There are 2 protein chains.
Amino acid sequence: MFTIGKLASLTSVSNDTLRYYEQEGLVEPAGKSPAGYRLYDKDSARRIHFIKHAQNCGFTLAEIRDLLVLRGRDKACCGDVRTRAIEKKLQIEHKIRAMKAMSKALDQLIAECANETQPVKECTIIAALERANVSMEMR
Amino acid sequence: MFTIGKLASLTSVSNDTLRYYEQEGLVEPAGKSPAGYRLYDKDSARRIHFIKHAQNCGFTLAEIRDLLVLRGRDKACCGDVRTRAIEKKLQIEHKIRAMKAMSKALDQLIAECANETQPVKECTIIAALERANVSMEMR
DNA sequence: CTTGACCCTGGAGTATACTCCTGGGTCTAG
DNA sequence: CTAGACCCAGGAGTATACTCCAGGGTCAAG
């Protein structure tokens, strides 16, 4: 069991952020000290890592909370989680395609702009980005 | 030449958003009507598409403005754009790796949770996400 | 028994990217 | 010549995800 500052440094988030997550229903301390200090355990750290990872991958805090709540409900069916997972996977795949197109466009730009003294007008970044045909319907 | 509503529907953004972009220095109308209506041309539409695409790929409006401003400066060297492009490419590659890990974790989840009536506790989404080893230092 | 590091709550402030509202002018079809 | 659709500026409001602050309690070391 450790206090908030410890968990904060273990997970590289701030005390404030941890309290904010608690307020938003994402993490509960494992317990409280007699003085009212939040006390956390290893599981809390795993939960924070989970949150950060999921966030990194494009889940919002609300979505993450949903997943965490589902996990908590013994009666919830796998199907619920599965549906969400499939939905999210499609979103992620879409985003990956967009990012790959962007990456390619950047590659081209980097290659073609090797001449450092050439004026920008000759650069192809804008053309490359305009060419890249990725749908716009993403958030 | 067409008015703001036309451009809005052509590019699937709202009138308000277009005015906001103008305010933020991202798009100028090609001209104004005698009554003060904004008038746009095809280039405006291309610019909006560029903005939306770049945004979709993780550029912030500030970064996009920088790129657009650079394009406008005849004297700017290709090197400036190139440096930004390389930086952004690294960020994008990092993000793509994270998303791929997430996608894989989701695949696994979807496969393992094929039994729709299985309780969530048996699901592996959290485990999968916790296993996925993607660095946390991303924004 | 005090000092400094740490913790608490509650609330305000920040950045980004919109989104909506008020109160008014313009334009086109019937 | 009027109704309805569209445009304007300026400013307030929203959502997300923090971040900071005030005012005060707690705890371990010396």
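This is a predicted model, so every value here is computed, not measured. Reminder, nothing fancy here: chain letters follow the sequence lines and each chain counts from 1.
What separates CD of A:E22 from C1' of C:dC8 is a distance of 11 Å, to the nearest Å. When the P atom of C:dC27 is taken as reference, atom OH of B:Y37 falls 5 Å away, rounded to whole Å. Rounded to whole angstrom, the span from the CG atom of A:D16 across to the P atom of C:dC6 amounts to 15 Å. In this structure, the CG atom of A:L18 is 10 Å from the P atom of C:dC8, given to the nearest Å. In this structure, the CZ atom of A:R65 is 13 Å from the P atom of D:dC18, given to the nearest Å. Atom CD of A:Q23 and atom P of D:dA17 are 13 Å apart (whole Å). Straight-line distance from the CZ atom of B:R19 to the C1' atom of C:dC18: 13 Å, rounded to whole Å. With rounding to whole Å, B:Y20 atom OH is found 20 Å from D:dC8 atom C1'.
For the OP1/OP2 pair of D:dA17 and a distance below 4.0 Å, the side-chain nitrogens and oxygens of A:K52 include no atom meeting the criterion. For D:dC7, one of the phosphate oxygens OP1 or OP2 lies less than 4.0 angstrom from a side-chain nitrogen or oxygen of B:N15. Between A:T3 and C:dC6, a side-chain N or O to OP1/OP2 separation shorter than 4.0 Å is absent. Side-chain N/O atoms of A:T17 include one lying less than 4.0 angstrom from OP1 or OP2 on D:dT19. Listed pair A:K32 / D:dT26 fails the phosphate criterion, with no side-chain N or O lying under 4.0 Å from OP1 or OP2. Residue B:Y21 places no side-chain N or O under 4.0 Å from the OP1 or OP2 atom of C:dA17.
Nearest-nucleotide assignment on DNA chain C puts the 5′-proximal partner with B:L61, out of B:L61 and B:S33. For A:G36 and B:S14, each mapped to the nucleotide of DNA chain C holding its nearest heavy atom, the one lying further toward the 5' end belongs to A:G36.
Residues B:L10 and B:Y40 form no side-chain contact, since every pair of their non-hydrogen atoms from C-beta on lies 4.5 Å or further apart. Looking only at side-chain heavy atoms (C-beta outward), B:T11 and B:K52 stay at 4.5 Å or farther from each other. Proximity of A:D16 to A:Y20: side-chain heavy atoms (C-beta onward) are nowhere separated by under 4.5 Å.
Using a 4.5 Å cut-off between side-chain heavy atoms of Ile, Leu, Val, Met, Phe, Trp and Tyr, with links allowed through other members, B:I51 and B:F2 fall into the same hydrophobic cluster.
Residue A:R38 is classed as a sugar-phosphate contact, given heavy-atom separations below 4.0 Å to backbone atoms only.
Heavy atoms of other residues, nucleotides or ligands lying less than 6.0 angstrom from NZ of A:K89 number more than 12.
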